[in-house]
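Okay, so here's the structure we're looking at.
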Amino acid sequence: TIGMIVIDSNGLISTGTSTNGLSHKIPGRVGDSPIPGAGAYAEKDVGAAAGTGDGDIAMRFAPAYQAVVNLKLGMSPTIAAKDAIERMANYFPNAMLALIVANNQGDFGAACNGIETFPFSVINPNQSKVTVYRVNC
Amino acid sequence: KGSLPLVINTWPFTNATIAAWETIYHEGGSAVDAVERGCSQCEVDQCDGTVGWGGSPDENGETTLDAMIMDATTHDIGAVGALRRVKQAISVARKVMENTNHTLLVGDQATQFALSLGFHETSLTSDKSRKIQADWINNSCQPNYWINVNPDPMLQCGPYHLPQSDKLIKSNTIDNPNTIISSSESERGHD
């Protein structure tokens, strides 16, 4: 699954997801990726979040929505992501879950669960090329 | 700490990042344009086998696609779920956002919507997805996502049916939701 956040130089935000889901899923199964607030979410003047992982779990918690609400409450992107992940991990400690979060200033962060590390890709004017960051889960 | 504009995406799918960056930074496109282009690049690249056509076949061997795009300025959203036989899932999602008052279209009806707007119908099966499907069947359909059915889904392929309560076999009664997906399964595919 790819989850993506783009914020332009004026702070206008878009987010999206695309996936082919789980291998061997029961036909008709849809994951969290196309569910607003679950696979991704954004609010103008605030920020956005997008996720990847076990969509059957994630769609029960609306983690992207939670992360954006966390930004509105004043959390940094990293703390906002960690809080949203922890809410799911409390119920499903083994589930593979990850979130990227960015605020409308261009600050970004990520958090994850159920794997060793989670890589994500970033580019902004501070970087001459795409940087792949990794967070420990 | 960052700066604007910003492109960030899950996983090391750097071609997608670059495609979105080209759109927003060099070509004067909007944030929505950039998300569509970045995710489209991943669909073409079949990123990690978990994006686009030809990966993650369902039990019947069919690949279906889920996608969503959101414009925070207007709070508009378009999405497709279980999209069949159309490769450009994120672009169809954008059409849902920009050409309907709906938010999410699914299955064959999403396909018909896409075809009506000029997208082409094609198989989403690849040699790789055929092999994944064949190997799965040869491995007694392991792993799968059924629980509390007969025959035991942890041992056999379907078709499955509801058991009579007194004949439910023990290994079949998975009440712990943490066992729905093992870590090895998470590595095979994810949303």
Side-chain angles (χ1 to χ4, degrees), chain A residues 1-9 11-28 30-34 36 39-44 48 50 52-56 58 92-96 98 100 102 105-108 114 119-126 130 132, chain B residues 1-14 16-18 20-21 24 31-32 34-35 38-39 42-43 47 50-52 55-60 63 65-73 77 79-82 89-90 104 106 132 136 144-145 177-178 180-181 186 188-191:
Chain A
T1 303
I2 183 169
M4 175 175 278
I5 300 166
V6 176
I7 308 177
D8 75 8
S9 53
L12 302 181
I13 306 167
S14 178
T15 186
T17 59
S18 184
T19 186
N20 53 31
L22 300 176
S23 289
H24 322 307
K25 55 187 165 289
I26 296 170
V30 172
D32 66 318
S33 297
Y41 189 73
E43 280 198 28
K44 67 176 179 179
T52 182
D54 181 349
D56 291 308
F92 302 100
N94 299 321
M96 188 260 147
I100 54 171
Q105 303 301 307
D107 305 329
F108 58 86
F120 60 100
S121 307
V122 178
I123 188 167
N124 64 22
N126 293 337
V130 178
V132 176
Chain B
K1 281 290 179 187
S3 62
L4 297 177
L6 169 71
V7 176
I8 177 172
N9 59 266
T10 57
W11 307 110
F13 300 154
T14 55
T17 323
I18 292 168
W21 183 250
I24 196 81
V32 172
V35 167
C39 290
C42 231
E43 291 170 356
C47 286
T50 67
V51 183
S56 305
D58 68 16
E59 287 189 337
N60 296 334
T63 296
L65 305 177
D66 301 341
M68 173 176 61
I69 192 165
M70 179 169 190
D71 181 349
T73 304
I77 297 176
V80 289
I90 190 73
L104 170 62
V106 301
I132 292 170
W136 180 71
N144 66 60
Y145 294 90
N178 294 330
I180 289 175
I181 295 183
S186 292
R188 285 170 178 258
H190 50 74
D191 297 286

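Every chain is numbered from 1 and lettered A, B, ... according to where its sequence line falls, protein lines coming before strand lines.
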Notebook entry, point to check: Only one of A/V6, A/I7, A/N124 clears side-chain contact (heavy atoms from CB on, under 4.5 Å) with B/V7; which?
Noted result: A/V6

Item checked: Closest approach of A/H24 to B/I132 (non-hydrogen atoms, all atoms of both residues) -> CE1-CG2, 3.5 Å

Notebook entry, point to check: If every non-hydrogen atom of A/S18 is compared with every non-hydrogen atom of B/V51, which pair is closest and at what distance?
Noted result: O-CG2, 3.7 Å

Note to self: Restricting to non-hydrogen atoms, name the atom on B/L6 and the atom on A/A102 that form the minimum distance, rounded to 0.1 Å.
What the structure shows: CD2-CB, 3.6 Å

Margin query: As an exercise: rank B/G55, B/A79, B/G81 by heavy-atom pairs under 4.5 Å with chain A and give me the winner.
Written below: B/G55

Notebook entry, point to check: How far does OG of A/S23 sit from NE2 of B/H190, to the nearest 0.5 angstrom?
Noted result: 10.0 Å

Item checked: Per-residue contact mode, B/T63 against chain A (heavy atom under 4.5 angstrom) -> side chain

Margin query: Any side-chain to backbone donor/acceptor pair from A/N20 onto B/G52? Under 3.5 Å, distance only.
Written below: yes

Next item on the list: Pick whichever of A/D32, A/T17, A/I100 has the most heavy-atom pairs under 4.5 Å with chain B.
Entry: A/T17

Checklist line | B/T73 side chain vs A/L12 backbone, donor-acceptor pair below 3.5 Å | finding: no

Checklist line | Contact origin within B/A20 toward chain A - heavy atom pairs under 4.5 Å | finding: side chain

Checklist line | B/T10 OG1 to A/I5 CD1 distance, which is reported to the nearest 0.5 Å | finding: 9.5 Å

Next item on the list: Say whether, by atom type as modelled, one donor and one acceptor occur between the side chain of A/T19 and the main chain of B/T50 under 3.5 angstrom.
Entry: yes

Margin query: Only pairs of heavy atoms separated by less than 4.5 Å count here; which of B/T17, B/L65, B/V32 has the most with chain A?
Written below: B/T17

Checklist line | Largest heavy-atom contact set with chain B, pairs under 4.5 Å, which of A/G31, A/G55, A/G16, A/P34 | finding: A/P34

Notebook entry, point to check: Which pair of non-hydrogen atoms, one from A/I2 and one from B/C42, has the smallest distance, and what is that distance?
Noted result: CD1-SG, 3.7 Å

Checklist line | Heavy-atom contact with chain B under 4.5 Å, split by part of A/Q105 | finding: backbone

Checklist line | Approximate separation, where rounding is to 0.5 Å, of A/D54 CG and B/D191 CG | finding: 7.0 Å

Item checked: Heavy-atom pair with the smallest gap, counting every atom of A/T52 and B/W11 -> OG1-NE1, 3.0 Å

Notebook entry, point to check: A/S14 side chain to B/M70 main-chain N or O, any donor-acceptor pair under 3.5 Å?
Noted result: yes

Item checked: Any donor-acceptor N/O pair, B/D66 side chain to A/S33 backbone, under 3.5 Å -> no

Notebook entry, point to check: Between B/S56 (side chain) and A/G21 (backbone), is there a donor-acceptor pair under 3.5 Å?
Noted result: yes

Margin query: Less than 4.5 Å to any heavy atom of chain B: does that hold for the side chain of A/A98, its backbone, both, or neither?
Written below: neither

Next item on the list: Could you grab the distance from atom OG1 of A/T15 to atom CD1 of B/I69, nearest 0.5 Å is fine?
Entry: 9.0 Å

Next item on the list: Can you see which heavy atom on B/Y145 is nearest to which on A/L22, and at what distance?
Entry: OH-CD1, 3.4 Å

